[in-house]
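In this chain, numbering begins with 1 at the start of the sequence shown. Remember, it's a predicted structure, so these values are computed and weren't measured experimentally. Scope of the values below: all heavy atoms of this structure, side chains included, with no hydrogens, waters or symmetry mates.
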Amino acid sequence: MYQMRIFTLRDGTKRKIKIEEGMTLQDELNKAGITESDIFQMQLVIEGDKM
């Protein structure tokens, strides 16, 4: 199972990154190449094996 964060930006585009254990929000933003002021909405998605 892993977690992904989907950032919807103010210009309507989306960035999706896989979250690694111990990452801070600032680490996530750096990985996505965006700043806090770029963000319109954030969504956490948990993905994994379906039984």
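Residues Phe7 and Ile17 have side chains in contact (heavy-atom distance under 4.5 Å, counting atoms from C-beta outward).
Sorted by first and then second residue, the salt bridge (Lys or Arg N to Asp or Glu O under 4.0 Å) pairs with a member in residues 18-37 read Arg5-Glu28, Glu20-Lys31; sequence neighbours excluded.
In this structure, Asn30 CG and Leu25 CG are separated by 9.5 Å, a value rounded to the nearest 0.5 Å.
Criterion: ILVMFWY side-chain heavy atoms under 4.5 Å apart, direct or through other members. Under it, Ile6 and Ile39 are not part of a common hydrophobic cluster.
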Contacts under 3.5 angstrom, residues 9-16 side chains, donor-acceptor by atom type, not counting sequence neighbours:
from	atom 1	to	atom 2	distance (Å)
Arg10	NE	Ser37	O	2.8
Asp11	OD1	Thr13	N	3.0
Asp11	OD1	Thr13	OG1	2.7
Arg15	NH1	Ala32	O	2.7

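Through side-chain heavy atoms spaced under 4.5 Å, either directly or across other Ile, Leu, Val, Met, Phe, Trp or Tyr residues, Leu44 is tied to Ile19, Met23.
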